[in-house]
**Q** 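One structure is given below, represented as structure tokens, and several questions about it will come after.
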Amino acid sequence: MAVLEILVAPHPVLKQKAKPVDKVDARVAKLMDDMVETMYAAQGIGLAAPQIGVLERVIVVDVHEKGEAPNPIRLANPEIVWTSDEKSVCEEGCLSVPEQYAEVTRPKAIRVRYLDEKNEVREMDADGMLATCIQHEIDHLNGVLFVDYLSSLKRGIILRKVQKMQRQNA
Ligand code: GNR
Ligand code: NI
């Protein structure tokens with residue numbers, strides 16, 4: 001496995017739409033493993049392939065509580081097939097928008113269909129943090145960042161802060 005570099009906004013790859021995988025073969029399974037390792041190294045609860053520069057529809061999530069066993073979930077070609085009418089508000093952050101947080105409203109619960117690491121079709125119900133995280137990751141596959149839900153004023157403030165930080169670290 002390998003820890004990969006995470007792209008930071010405004011990297012153009014983060015605005016592009018990712019392509020479906022044909023099937024989850026050994027190559028895609030390895031991509032999933034590398035993404036899990038990269039997510040843990042960055043202390044994130046999710047990661048989408050475009051964040052490591054790969055424009056394929058692959059995401060990983062792990063929302064396990066501190067002190068509980070890790071529970072990584074690998075999803076290829078994830079599709080939301082149902083959303084609750086009920087919404088929830090979560091303070092979101094993003095590894096590609098480092099150290100910035102803002103409230104985003106999304107459906108509280110979802111059902112998602114996907115291919116697992118063995119290329120088997122699965123469906124999963126999610127709510128709470130897991131539902132929020134999966135929706136955040138699927139947005140990345142469509143070139144959408146959480147800041148895109150904010151006013152252009154707030155988005156501009158956040159993206160300028162990130163660029164300034166990046167320049168200082170360079
Ligand atoms: O680590 C992450 N935390 C987080 C918190 C609230 C809502 C979404 C997330 S996902 C984020 C990791 C990330 O950027 N995934 O794309
Ligand atoms: Ni993100």
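In listed order, ligands and their atoms are each counted from 1. These values consider heavy atoms only, across backbone and side chains, with no hydrogens, waters or symmetry-generated copies.
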**Q** Quick one: does Asn142's side chain have a donor or acceptor within less than 3.5 Å of a partner on Val144's backbone?
**A**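 Checked: no pair found.
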**Q** How far is atom 15 (N) of ligand 1 from its nearest protein heavy atom, and which residue and atom is that?
**A** Glu137 OE2, 2.7 Å
**Q** Taking the Ni ion (ligand 2) as the reference point, name the nearest N/O/S atom of His140.
**A**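 In His140, the N, O or S atom with the shortest distance to the Ni ion (ligand 2) is NE2.
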**Q** Could you tell me whether Gln51 and ligand 1 have an N or O pair separated by under 3.5 Å?
**A**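 Yes, Gln51 has an N/O under 3.5 Å of an N/O on ligand 1.
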**Q** Where does the angle between the aromatic ring planes of Phe146 and His136 fall among parallel (under 30°), tilted (30 to 60°) and perpendicular (over 60°)?
**A** parallel
**Q** Quick test: of every protein heavy atom, which one is nearest to atom 1 (O) of ligand 1, and how far off is it to 0.1 Å?
**A** Ile45 N, 3.0 Å
**Q** What protein heavy atom sits nearest atom 7 (C) of ligand 1, and how far off is it?
**A** Glu92 CG, 3.5 Å
**Q** Any idea which protein heavy atom is nearest atom 12 (C) of ligand 1, and the distance to it?
**A** Gly46 O, 3.2 Å
**Q** How far is atom 6 (C) of ligand 1 from its nearest protein heavy atom, and which residue and atom is that?
**A** Met129 CE, 3.4 Å
**Q** Give the atom numbers and elements of ligand 1 that come within less than 4.0 Å of a heavy atom of Glu91.
**A** 6 (C)
**Q** From the options Val63, Ile110, Asp139, select the one residue that forms a side chain to side chain contact (heavy atoms under 4.5 Å, CB included) with Ile134.
**A** Ile110
**Q** Looking at CG of Asp34 and CE of Met39, how far apart are the two atoms once the value is rounded to the nearest 0.5 Å?
**A** 12.5 Å
**Q** Do any nitrogen or oxygen atoms of Thr132 lie less than 3.5 angstrom from nitrogen or oxygen atoms of ligand 1?
**A**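 No; the residue has no nitrogen or oxygen that sits under 3.5 Å from a nitrogen or oxygen of the ligand.
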**Q** Which atoms of ligand 1 sit under 4.0 Å from any heavy atom of Gly44?
**A** 1 (O)
**Q** Once you round to the nearest 0.5 Å, how far does CD of Glu117 lie from CG of Asp33?
**A**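 Reported value, rounded in 0.5 Å steps: 8.5 Å.
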**Q** Under a 4.0 Å threshold between the charged nitrogen and the carboxylate oxygen, would Arg106 count as salt-bridged to Glu92?
**A**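 Yes.
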**Q** Donor-acceptor pair, distance only, cut-off 3.5 Å: does the side chain of Gln51 make one with the backbone of Leu47?
**A**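 No: the side chain of Gln51 does not pair with the backbone of Leu47.
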**Q** Tell me, which protein residue and heavy-atom name are nearest atom 8 (C) of ligand 1, and how many Å apart are they?
**A**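 Closest protein heavy atom to atom 8 (C) of ligand 1: His136 ND1, 3.6 Å.
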**Q** Verify the distance criterion only: is there a donor paired with an acceptor across the side chains of Asn119 and Lys23 at less than 3.5 Å?
**A** no
**Q** For atom 9 (C) of ligand 1, find the nearest protein heavy atom and state the residue, atom name and distance (0.1 Å precision).
**A** Gly93 O, 3.5 Å
**Q** Without swapping roles, check the side chain of Arg57 against the backbone of Ala18 for a donor-acceptor pair under 3.5 Å.
**A**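 Side chain of Arg57 to backbone of Ala18: a pair is present.
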**Q** For Asp62, is there an ion pair with Arg74 - N to carboxylate O distance below 4.0 angstrom?
**A** no
**Q** Please indicate whether any nitrogen or oxygen in Gln43 is less than 3.5 Å from any nitrogen or oxygen in ligand 1.
**A**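 Looking only at distances, the answer is no, because the N/O contact criterion of under 3.5 Å is not met.
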**Q** Any idea which atoms of ligand 1 are less than 4.0 Å away from a heavy-atom of Cys94?
**A** 14 (O)
**Q** So which of Asp62, Leu95, Val104, Ile134 gets nearest to atom 14 (O) of ligand 1, if we judge by its closest heavy atom?
**A**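 Going through Asp62, Leu95, Val104, Ile134 one by one, Leu95 has the nearest heavy atom to atom 14 (O) of ligand 1.
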**Q** If we set the cut-off at 4.0 Å for heavy atoms, which region of His140 has an atom near ligand 1: side chain, backbone, both, or neither?
**A**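 The answer is the side chain of His140.
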